[in-house]
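Owing to the predicted nature of the structure, the values given are computational and were not obtained by experimental measurement.
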Amino acid sequence: DSAAAELEATELIAPIGGTVTSLNLSIGENIGTSAVVTISNLDQPYTLDVSLDETDWDKAKVGYAASVTFDLLPDENYTGKVTRVYPALDDSSGTSMVRVLVRLDHSISVDLPAGSTAGIDVTGGEALGAVLVPISALKEVQAGEYIVYIMKNGKPVEQAVEIGIQDILYAEVKSG
C-alpha cells in the first residue's frame, strides 16, 4: 500500500494591479512565506525607492520636494515629493540608510524599465534671499555657536554668527 501525495495548484491573487517585473522562484520550489513576485504599477507617475545617508534623517519628511534625474535621461529633470519615510534604518547594504519613497509629480512620456537608476536630491529646507557662508569659513567655538572672520580696517576680526540651514558646502547666516 503506497501513499500517494496529490499536489493542488494554489491560485494567488495580488492585492494590487500591475505588471509582474520579477519572479524569483523555480518550478517545484517550496516558497513558504517568502516574497517571490515584484509587481509594478507602470501606468502611474513613477514612485522611487530611495536610500539616503542616515545623517540626512532630518531631511526625510513626508511632503518634502525632490528633484529626480534618471541615468537613462540625463538631460531631463523631474520634480516629485517624499510620500513615505520608513521608520527604521535599513542596513541591508552594510551601511545604515534612511529609506524613503519619492513619487514624481507628473507622468513622464518615456517608458523607463522598472529598476532604472536615478539621482535624487531631497530639499530638506529652503532659504530664499539668504546670506551664505562657506562651511569651511565657519569655526565652531562651542556646540552650536559659530564664528567667522571678517576684515575690519584690513585685519581679520572674529564675528559671532547664528547659522540656519546648511548643506554640504554652505550655511545660511541668520544673524551676525
Legend entry - Check: V161 and I163 side chains under 4.5 Å, non-hydrogen atoms: yes
Rounded to the nearest 0.5 Å, the CG atom of D49 sits from the OH atom of Y86 at a distance of 5.5 Å
W57 side chain reached by V98 side chain, heavy atoms, under 4.5 Å: yes
For P74 and T69, the nearest pair of non-hydrogen atoms, with its separation, is O-CG2, 3.7 Å
In short, A66 meets I120 closest at the heavy-atom pair CB-CG2, 4.2 Å
*asked:* Would a single hydrophobic cluster contain both L72 and V68, if residues Ile, Leu, Val, Met, Phe, Trp and Tyr are joined by side-chain heavy-atom contacts under 4.5 Å?
replied: yes
Just wondering, do V148 and L138 contact through their side chains at under 4.5 Å, heavy atoms? yes
task: Say whether S67 and D121, considering side chains only, have a donor N or O and an acceptor N or O under 3.5 Å apart.
output: no
| query | Is there a path of hydrophobic side-chain contacts, each under 4.5 Å between heavy atoms of I, L, V, M, F, W or Y residues, that connects Y149 with Y170? | reply | no
CG of L104 to OG1 of T47, rounded to nearest 0.5 Å, is 7.5 Å
Correct closest heavy-atom pair for V102 and V82 would be CG2-CG2, 4.2 Å
- prompt: Q142 versus E140: any side-chain heavy-atom pair under 4.5 Å?
  reply: no
Hphob cluster co-occupancy, V131 + I150, side-chain heavy atoms under 4.5 angstrom:
yes
Atom NZ of residue position K61 - does it have more than 12 heavy atoms of other residues, nucleotides or ligands inside 6.0 Å? yes
Is there a side-chain contact (heavy atoms from CB on, under 4.5 Å) between D56 and V122? Walk through the geometry before answering.
CA-CA 10 Å; D56 292 327; V122 175; over 6 Å; no
One should read off an interatomic distance between L132 CG and Q166 CD, to the nearest 0.5 angstrom, of 11.0 Å
Rounding to 0.5 Å, atoms CG (L89) and CE (M97) come to a distance of 10.0 Å
Between A60 and L52, the two heavy atoms sitting closest are CB-CD1, 4.2 Å
- prompt: Is any side-chain heavy atom of Y146 less than 4.5 Å from a side-chain heavy atom of K139?
  reply: no
CG (L101) and NZ (K81) are apart, to the nearest 0.5 Å, by 15.5 Å
Got a donor-acceptor contact below 3.5 angstrom from the Q159 side chain to the G176 backbone?
-> yes
Between the CZ atom in F70 and the CG atom in N77, the distance rounded to the nearest 0.5 Å is 10.5 Å
Problem - V141 reachable from V157 in the ILVMFWY side-chain graph, under 4.5 Å edges - result: no
What one should report as the nearest heavy-atom pair of V133 and A137 is CG2-CB, 3.8 Å
